[in-house]
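Accompanying notes for the structure given below.
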Amino acid sequence: MQSAEELVSPEPPPSTPPAAGLPGPPFKGGAAGRALTGFAGRLPGTTTLAGWAAAVVLIVAASPWATHPAVQAWRTVSVAIAVQALPFLLLGTALSGAINAFVPERWFTGMLPRRPALAVPVASAAGIVLPGCECASVPVAGSLIRRGVTPAAALAFLLSAPAVNPVVLTATAVAFPGSPEMVAARLLASLLVSAVMGWLWLRLGREEWLRLPARRGGHRPGRGRWEEFRLGFQHDFLHAGGFLVLGAMAAATFNVAVPRSVLDAFADSAWLSVLFLAALAVVLAVCSEADAFVAASLTGFSPTARLAFMVVGPMVDLKLIALQSGTFGRAFAVRFSTATAVVAVTASALTGWWLL
């Protein structure tokens, strides 16, 4: 591996012989590679992922293997998924930033019934009209708990807001044209999961598992609301955009590189296919405004398995587990994420069996 001094040195690195079976020397980056590496490295921590994801795409496009049919197919699928999802990601993160900056927190507390058992389904349904991405829903839920909202209702909203809002449902309809039953199945399964998890917390949750957040959400004194909106939108879009690109690349890899026999081993089994795509959703951590396009590209799997991908992803993925650990504590995140995954897979299977 080259040192930092060699990477910035004006002297070109020594040439290496072509790799066996590949057309020409391996890609070493050159000026373009150094520029992309510097661009990604100069980004702030929350946007580094987006910078590196874009750098990977450009490096692949500039590599000497870019004309290989498999690479061309991979690139086409990756770009198609990302371009289709980008408008919905923009809209969703903009709405999430606007809600965080302009909607008073007391509005949330005033709209919920005082009885916790009734507040849970109301909070779940509120996600339909109050869109928010996964990254924004965690601090919003923490702020609601600190302001006096029952934790069960706040957690139900945390799960439903990124899963059933209008942007996500519209994106699902676009990704699955002519399949309104897929949109209905996603809505019903997601609402069911969020309500069940809220009621389970009422019944089984313990106060010592939930570390109350100390940070404020929403508007901060001394900072203009438009400035807060700009910063929140920038953070959410670049953060989620990086995961979108990575998810698009992973989906394209599954479509192009993984042998059909391997996929068939999972796709031919009703339960294995559901569990496989549910686990894939946890690992890929694709933003909910874009995950429908990734799911639609996984054509080798059943509609129920792809429904599980879209129900599990916005509620349980690696970035959400990390966010929940930092906001509510590790003890909460482990228990809540595990229970949510089980409920989400079960609800997806039952809803898919009924509607799909």
*asked:* How close do Ala185 and Leu355 get, counting heavy atoms only, and between which atoms?
replied: CA-CD1, 3.7 Å
_ILVMFWY cluster, Leu202 and Leu158 together (side-chain gap under 4.5 Å)_ = no
*Drop me the distance from Thr170's OG1 to Glu289's CD, to the nearest 0.5 angstrom.*
11.0 Å
*Using a 4.5 Å cut-off on heavy atoms from C-beta on, say whether the side chain of Leu188 contacts that of Trp354.*
yes
*Linked, directly or transitively: Leu272 and Leu277 (ILVMFWY side chains, under 4.5 Å)*: yes
*Can you see which heavy atom on Ala195 is nearest to which on Val120, and at what distance?*
O-CG1, 3.5 Å
*Please report the closest heavy-atom contact between Ala152 and Gly198, naming both atoms and the distance.*
CB-O, 3.3 Å
_side chain to side chain contact (heavy atoms under 4.5 Å, CB included), paired with Leu356, selected from Ser179, Pro303, Ser302_ = Pro303
_Heavy-atom side-chain proximity of Ile321 to Phe336 below 4.5 angstrom_ = no
*Donor-acceptor contact present, side-chain Trp199 to main-chain Ala117, <3.5 Å*: yes
*Working to the nearest 0.5 Å, report the span between CG of Asp317 and CG of Leu284.*
9.5 Å
_Do Val345 and Leu320 land in one hydrophobic cluster if side-chain heavy atoms of ILVMFWY residues count as linked below 4.5 Å?_
yes
*Calculate, to the nearest 0.5 Å, the distance between atoms CG and CZ belonging to Leu204 and Arg335 respectively.*
12.0 Å
*Give the intermediate values and the outcome of side-chain contact (heavy atoms from CB on, under 4.5 Å) for residues Phe293 and Val174.*
CA-CA 8 Å; Phe293 298 95; Val174 174; 4.0 Å; yes
*Could you verify whether a donor N or O on one side chain and an acceptor N or O on the other, from Ser194 and Ser124, lie under 3.5 Å apart?*
yes
_Same cluster or not: Val168 versus Leu298, using hydrophobic residues (I, L, V, M, F, W, Y) connected whenever any side-chain heavy atoms lie under 4.5 Å apart?_
no
*What's the verdict on side-chain contact (heavy atoms from CB on, under 4.5 Å) for Phe309 and Asp291, showing C-alpha distance, side-chain angles and the deciding distance?*
CA-CA 8 Å; Phe309 180 90; Asp291 61 359; 4.0 Å; yes
_Derivation and outcome, salt bridge (Lys or Arg N to Asp or Glu O under 4.0 Å), residues Arg225 and Glu228_ = CA-CA 5 Å; Arg225 292 187 182 273; Glu228 210 162 71; 5.3 Å; no
*What pair of heavy atoms forms the shortest contact from Val334 to Thr338, and how long is it?*
O-OG1, 2.7 Å
*Quick check: does any side chain N or O of Arg186 sit under 3.5 Å from a backbone N or O of Met310, one acting as donor and the other as acceptor?*
yes
*Could you tell me the separation between the OG1 atom of Thr150 and the CG atom of Leu155, rounded to the nearest 0.5 Å?*
8.5 Å
*For residues Leu169 and Val164, report the shortest heavy-atom separation together with the two atoms involved.*
CD1-O, 3.5 Å
*Counting distance only, does the side-chain N/O of Ser297 pair as donor-acceptor with the main-chain N or O of Val294 below 3.5 Å?*
yes
*Between Ser190 (side chain) and Val311 (backbone), is there a donor-acceptor pair under 3.5 Å?*
no
*Hey, what do you get for CZ (Phe176) to CZ (Arg306), rounding to the nearest 0.5 Å?*
5.0 Å
_ILVMFWY cluster, Val316 and Leu307 together (side-chain gap under 4.5 Å)_ = yes
*Between atom CG of Leu187 and atom OG of Ser160, what is the distance when rounded to the nearest 0.5 Å?*
10.5 Å
*Centroid-centroid under 6.0 Å between Trp201 and Phe332 rings*: yes
*Is the centre of the Phe301 ring less than 6.0 Å from the centre of the Phe276 ring?*
yes
*Donor-acceptor pair, Thr351 side chain versus Ser348 backbone, under 3.5 Å?*
no
*Please report the shortest heavy-atom distance between Val312 and Ala278, naming the atom on each side.*
CG1-O, 3.8 Å
